[in-house]
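Input: a single structure, listed below in structure tokens.
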Amino acid sequence: MFQPRIPVNPLPTGIVTPLVQPTVTAGIAPHHTDHAAACNHHHAPAPVPVPAQSSALRLTPAGLAVVVAGGAGAVLVVGTVLVSMLLAVAVSAASVAVCAVVLRSLLNGQQRRR
């Protein structure tokens with residue numbers, strides 16, 4: 001999935017060549033061969049390659065395991081954060097309630113002394 005792929009240029013003859021062609025220097029003369037003799041046979045046309053569907057996502061079993069493990073890890077992290085926030089709110093509410101009870105008892109004690 002993360003490996004680079006070299007694009008290819010399929011020719012009608014069925015020969016697949018890469019898009020990048022080597023450059024020919026001026027000092028080298030091209031070599032021509034005359035082996036392509038005409039024959040009287042009827043040849044079938046080369047099969048046309050079917051382009052692969054690029055929209056489909058294909059996962060290997062290892063890739064699927066990584067996706068599942070990543071999703072489970074994300075759920076655990078989000079759950080831990082939410083539970084810790086709820087715990088922080090609960091502790092804050094309890095401490096405010098204790099402070100309110102202490103202040104109430106102090107104020108009631110001062111009024112009884114008078």
Side-chain angles (χ1 to χ4, degrees):
M1 186 166 122
F2 295 106
Q3 296 175 349
R5 295 200 174 116
I6 300 172
V8 293
N9 183 17
L11 298 175
T13 59
I15 300 171
V16 178
T17 58
L19 291 176
V20 179
Q21 297 292 330
T23 58
V24 178
T25 59
I28 300 174
H31 178 66
H32 296 287
T33 58
D34 293 329
H35 292 291
C39 63
N40 294 329
H41 298 97
H42 296 286
H43 297 283
V48 177
V50 178
Q53 295 179 356
S54 61
S55 63
L57 178 65
R58 296 181 184 168
L59 289 177
T60 61
L64 184 62
V66 167
V67 169
V68 168
V75 167
L76 288 175
V77 167
V78 169
T80 303
V81 168
L82 290 177
V83 167
S84 63
M85 289 173 64
L86 180 64
L87 184 61
V89 169
V91 167
S92 299
S95 64
V96 167
V98 168
C99 289
V101 168
V102 169
L103 284 176
R104 180 179 165 192
S105 67
L106 286 175
L107 291 175
N108 285 339
Q110 284 181 356
Q111 290 178 358
R112 288 182 192 163
R113 292 181 190 165
R114 290 185 182 177

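Everything numeric in this text was worked out from a predicted model, so none of it was measured.
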Distance in Å, Arg104 CZ paired with Cys99 SG, rounded so as to fall on 0.5 Å steps: 15.0 Å

Steps toward side chain to side chain contact (heavy atoms under 4.5 Å, CB included) verdict (Val81, Met85): CA-CA 6 Å; Val81 168; Met85 289 173 64; 4.0 Å; yes

Asn108 CG to Leu103 CG distance, which is reported to the nearest 0.5 Å: 11.0 Å

Hydrophobic cluster identity match, Val68 and Leu76, side-chain contacts under 4.5 Å: no

